[in-house]
Amino acid sequence: MNTEFAQKVFRIVKQIPKGETLSYKQVAILAGNEEAARAVGNILNSNYDLLIPCHRVIRSDGKIGGYNGGARKKKLLLAEECK
DNA sequence: CATTTGACGCCAA
DNA sequence: TTTGGCGCCAAAT
C-alpha cells in the first residue's frame with residue numbers, strides 16, 4: 001500500500017464499532033474518495049489484515065459482498081456480533 | 001511501464 | 001424487480 005488512501009481505509013474500518021456495518025462506498029467517502037468504492041474492496045482483499053474487521057464492510061445494496069474466508073462466514077459473523 | 005483484475009456502485013433497458 | 005453495461009480507483013501481473 002504506502003498510499004494515504006489505503007491508510008485511511010484501514011483506520012476507518014478498524015474503528016467500525018461492533019455490530020455496525022459500513023458500505024464500501026461509505027468507507028470510500030470517509031477515506032476521501034467517494035468514487036473509490038471499488039478500490040476499497042480491492043485494498044481490503046489485497047491487504048487482508050486480521051486487525052481489520054473487514055466483515056463489517058458490506059455492499060451499499062445491503063448484500064454481504066465478498067470475503068476472504070467466504071461471504072457466508074462473514075454474514076454469520078455479523079449476525080453473531082450484531083446480536 | 002502498460003494492461004488486467006476485482007470483496008463496488010449507479011443508471012438504463 | 002431483475003439484468004446488463006459502464007465508470008471509478010488502487011494493487012497485482
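Order of the sequence lines sets the chain letters (A, B, ...), proteins ahead of strands, with each chain counted from 1.
- In this structure, I43(A) atom CD1 and dC8(C) atom P are separated by 18 Å, rounded to whole Å.
- Within 4.0 Å of A37(A), counting heavy atoms only, lie sugar-phosphate atoms of the nucleic acid but no base atom.
- What separates CG of N45(A) from P of dT5(B) is a distance of 15 Å, to the nearest Å.
- Computed from coordinates, the E35(A) CD to dC11(B) C1' distance equals 14 Å when rounded to whole Å.
- Between I12(A) and A31(A), the closest heavy-atom pair is CD1-N, 3.4 Å.
- Distance from the side chain of N33(A) is smallest for dA10(C) among the nucleotides dA10(C), dC8(C), dA7(B).
- The nearest pair of heavy atoms linking R59(A) to S23(A) is C-CB, 4.0 Å.
- Using a 4.0 Å heavy-atom criterion, one finds that D61(A) contacts the sugar-phosphate atoms exclusively.
- For A39(A), the listed nucleotide lying nearest its side chain is dC9(C); candidates were dA7(B), dG9(B), dC9(C).
- Taking 4.0 angstrom as the limit, S46(A) places none of its side-chain polar atoms (N or O) nearer than this to OP1 or OP2 of dA10(C).
- Following rounding to the nearest Å, I52(A) (CD1) and dA7(B) (P) show an atom-to-atom distance of 17 Å.
- Below the 3.5 angstrom threshold, one finds a donor paired with an acceptor across the side chain of Y24(A) and the base of dA7(B).
- Nucleotide dT5(B) is matched to dA10(C) when pairs are restricted to Watson-Crick or G-U wobble geometry with both distances under 3.5 angstrom.
- Going from atom CG of N47(A) over to atom P of dA11(C) covers 7 Å, rounded to whole Å.
- Taking atom CZ of F10(A) as the reference point, atom C1' of dA11(C) lies 11 Å away to the nearest angstrom.
- Atom CD in Q15(A) sits 13.0 Å away from atom CD in E20(A) (nearest 0.5 Å).
- For R59(A), counting side-chain heavy atoms from C-beta on, the closest listed nucleotide (dC10(B), dC8(B), dG6(B)) is dC8(B).
- When the side chains of ILVMFWY residues are joined at heavy-atom separations under 4.5 Å, either directly or via intervening members, I29(A) and V40(A) end up in two distinct hydrophobic clusters.
- In this structure, CD1 of I29(A) is placed 11 Å from C1' of dG9(B), rounded to the nearest angstrom.
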Could you please spell out the steps behind the side chain to side chain contact (heavy atoms under 4.5 Å, CB included) verdict for K8(A) and N33(A)?
CA-CA 10 Å; K8(A) 287 179 184 174; N33(A) 290 304; over 6 Å; no
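- Counting atom types as modelled, R38(A) pairs no side-chain N or O with a base atom of dG9(B) as donor and acceptor under 3.5 Å.
- Y48(A) comes within contact range of at least one nucleobase, with a heavy-atom separation under 4.0 Å.
- Atom P of nucleotide dG6(B) and atom CG of N68(A) are separated by 13 Å, given to the nearest angstrom.
- Residue S60(A) places at least one side-chain N or O closer than 4.0 Å to OP1 or OP2 of dG9(B).
- Taking every side-chain heavy atom of K25(A) into account, dG9(B) is the closest of dA7(B), dG9(B), dA11(C).
- Not one side-chain nitrogen or oxygen of S23(A) sits closer than 4.0 Å to the OP1 or OP2 atom of dC8(B).
- Heavy-atom minimum distance, G66(A) versus A71(A): CA-CB, 4.3 Å.
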